[in-house]
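Take a look at the structure set out below.
First the proteins, then the strands, lettered A, B, ... as listed; each starts at 1. Just so it is clear, the model here is predicted, and its values are computed rather than measured. Note: hydrogens, waters and symmetry copies are ignored here, and every other heavy atom, side chains too, is used.
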2 protein chains.
Amino acid sequence: MDEAPARRITIVDVARHAQVSTTAVSKVLRNAYGVSPKMQAKVRQAISELGYRPNASARGLRGRTYTIGVMLPDIRNPFFAEVLDGLTGRIAGTEYQVLLGPGCNGEDAEARVIHAMIDRGMDGLILIAPISARAHLERVAALVPTVVVGRHGHSHTYDTVADDDLTGAALVVNHLADLGHRRIAHIEHHESTPDCLAEMPNAIRAEGYRRAMRARGLADGIDIASTTYTQEGGYLGAKQLLARPVRPTAIFAGADIVAMGALDAIAEAGLSVPTDISIAGYDNTTFAAFRPISLTSVDQAGHEIGANAARLLLDRIADRSRPTAQVKLSPTLVVRRTTAPPPA
Amino acid sequence: MDEAPARRITIVDVARHAQVSTTAVSKVLRNAYGVSPKMQAKVRQAISELGYRPNASARGLRGRTYTIGVMLPDIRNPFFAEVLDGLTGRIAGTEYQVLLGPGCNGEDAEARVIHAMIDRGMDGLILIAPISARAHLERVAALVPTVVVGRHGHSHTYDTVADDDLTGAALVVNHLADLGHRRIAHIEHHESTPDCLAEMPNAIRAEGYRRAMRARGLADGIDIASTTYTQEGGYLGAKQLLARPVRPTAIFAGADIVAMGALDAIAEAGLSVPTDISIAGYDNTTFAAFRPISLTSVDQAGHEIGANAARLLLDRIADRSRPTAQVKLSPTLVVRRTTAPPPA
DNA sequence: AAACATTTGGGAAACGTTACCCACTCCGAT
DNA sequence: ATCGGAGTGGGTAACGTTTCCCAAATGTTT
């Protein structure tokens, strides 16, 4: 009749079993100062004999929960998977556990997830490409150590990791211009929240595109379709661009997913890539690399971004008063089969 | 000089501000029985004036954390994104928050994530396509309400939601046979953990394939390449199949991601789809629907699966002694451009 | 041998919430 | 009048840890 409700083993059970105080067990758990090797051994043995696991809620009430929260805006974007890999790789082996706050569309949902994580006593937060107003991010970071990924701009309360989107956009423009293109259009993500406009990667990419075009003397070829960073947005943006009196000979999509939609629209228009029109994306996701697509794309080194974010967060948890850091990583261009010289 | 360390508002602050007891506040928070409308109003006002948010750790210590943990094995598989959408859609609007336990490769990593969620006092767990031994799942479910998604087989401790993979495989085989194919090969995921073999969807799909082939009198055409459910696995599996003395005229890939890899190998062999060879996948992911690919695939209704899992979990949290349920959803076939009659 | 520092172990009070109980008021029914 | 029950509100002890202290034991210097 072991119908007992199977109470979970607590630190008290361990202490009793090892014939020491709960304080001693706690110290061993945290390898705190002031425990003899003998005590260590005794307690560790009791822990493993009983299969004890500390209760995170109880720990959280007194201090840390050993949990890091990651806000992930779009689980479908394979680029974020890349970032996540880098991130978890860096956290694995530490005493921390990563938990993800999923899918938020819109600023309200994002705020809800972030606060849910704070409520749950997360020791640190990594916010991937948040759309919240900057002031809100500052407020969050004042509450809990925070690293913001993918937003440009300098803060004194949180660390940032971002790709150098200005350079990335220039890589694409220069590549296309070198191939002989002059009318290179761009599909951008339209920013709905103006107060963080200058910080968003999409805005920077668009700006980088404009600057690079002008630098190459192609100011006349500047042509921007303003939609969103989604497949749908790419489809609509490309449709719009293809309807121009003089059609662009190349499209720089602000994200791979946008390029996917654009490819769709191009096929629908009966044009072929890259013979009739070249297209390039941004993010170098798995699907850009996928052979039937073979999309020319900018590689952001998502893995590195994630690893850096994790490192910064661990550092900040260790020392909250450390001055903030801004890591900017250089992208590279991966040329594949969707870009070629323009039709003669 | 507001350099105060900004202590978080607690239930005590709310009680003091509303001039009531903490018990009363707690009751309002949980809409417990025995609070007058006047009390309700008073407390709610105090809560919003102070911007109070309950501390989940403290709650967890006494009872529930209002958190549901979802174990997601592979963040890159867009099918899981679908499931997640259905799931969060069903949870949104309740008092619960969903947190994801990310990417685990291998049984050990999976167990680690699951236990991390239990340690953190999750009120319920949804395990998506777990690879753990059945006994382990039973042990987990004894500790916390659990729903297992994508595993077949009946349990008395956890609820299950799964697709009818037997039928799904038959749909593909019959479709291809109707088109005139006789040599229909299959790429399966090789099961490394034999103790749960019969429960895994991949095994069921392979079995469904065999049965359907025999049922159509195509037993001679049965040909299975055993790799893994990854793009790489699809590539290798297809390469293997294409090297056969008599080449199959159609390939049924056990998952869309496998079909992606297979398409790659087919292109590399200089064959074209569907003229030279037909190919079908399973899962109907976003990328199967993506026009340049247009993969014929089995739709599992991931959204429904997720929604059902969430519903079952909420029910079980409400009543842990309720008998377990097994939901089995019927898949449908989505015919696109990668399947056609075999070459003459 | 005395005085002092260092190491080692434990007692007890938090942390923020909930659950269990009990007390009080106000009814209507006896 | 008395009783019983329903409706409200609050006091208090948990929940499982950590942290702050203090005490005892041990070592080290005068």
What is the separation between atom [atom1] on [X] and atom [atom2] on [N], rounded to the nearest whole Å?
X: R8(B); N: dC15(C); atom1: CZ; atom2: C1'; value: 13 Å
X: I11(B); N: dA14(C); atom1: CD1; atom2: C1'; value: 17 Å
X: R16(B); N: dG10(D); atom1: CZ; atom2: P; value: 15 Å
X: N55(B); N: dC15(D); atom1: CG; atom2: P; value: 18 Å
X: R120(A); N: dG16(C); atom1: CZ; atom2: P; value: 17 Å
X: R64(A); N: dG16(D); atom1: CZ; atom2: P; value: 22 Å
X: L61(B); N: dA13(D); atom1: CG; atom2: P; value: 17 Å
X: R30(A); N: dT17(D); atom1: CZ; atom2: P; value: 12 Å

Presence of donor-acceptor pair under 3.5 Å, side chain of K27(A) and base of dG10(C) =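 Flag set: donor-acceptor pair detected.
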Between R62(B) and Q19(B), just flag the one whose closest nucleotide in DNA chain D comes earlier from the 5' side.
->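 The residue whose closest nucleotide sits nearer the 5' end is Q19(B).
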Whichever of T10(A) and T23(A) has its nearest DNA chain D nucleotide further upstream toward 5' =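 It is T10(A) whose nearest nucleotide is closer to the 5' end.
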Under 4.0 angstrom, heavy atoms only, what part of the nucleic acid is S26(A) near: base, sugar-phosphate, or nothing?
->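 Contact class for S26(A): base.
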Flag for Q326(A)-T160(A): side-chain donor and acceptor within less than 3.5 Å |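 Result is no, nothing qualifies.
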Taking the side chain of [X] as heavy atoms from C-beta outward, which of [options] is closest to it?
X: A24(B); options: dT18(C), dG10(D), dG9(D); value: dG10(D)
X: S36(A); options: dT17(D), dT18(C), dG9(C); value: dG9(C)
X: V35(A); options: dG10(D), dG9(C), dT8(C); value: dG9(C)
X: Y33(A); options: dG11(D), dT8(C), dG10(C); value: dT8(C)
X: R59(A); options: dT17(D), dG10(D), dT8(C); value: dT17(D)

From K328(A), R151(A), R322(A), residue fulfilling salt bridge (charged side-chain N to carboxylate O under 4.0 Å, His left out) relative to D159(A) =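 Option passing the salt bridge (charged side-chain N to carboxylate O under 4.0 Å, His left out) with D159(A): R322(A).
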R76(B) and E82(A) ion-paired at < 4.0 Å |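 Looking at E82(A) together with R76(B), the answer is yes, because their closest N to O distance falls below 4.0 Å.
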Using a 4.5 Å cut-off on heavy atoms from C-beta on, say whether the side chain of L137(A) contacts that of L127(A).
-> yes
Apply side chain to side chain donor-acceptor pair (under 3.5 Å) to the pair E110(A) and S132(A), showing each step before the final yes or no.
-> CA-CA 7 Å; E110(A) 180 172 302; S132(A) 295; 2.6 Å; yes
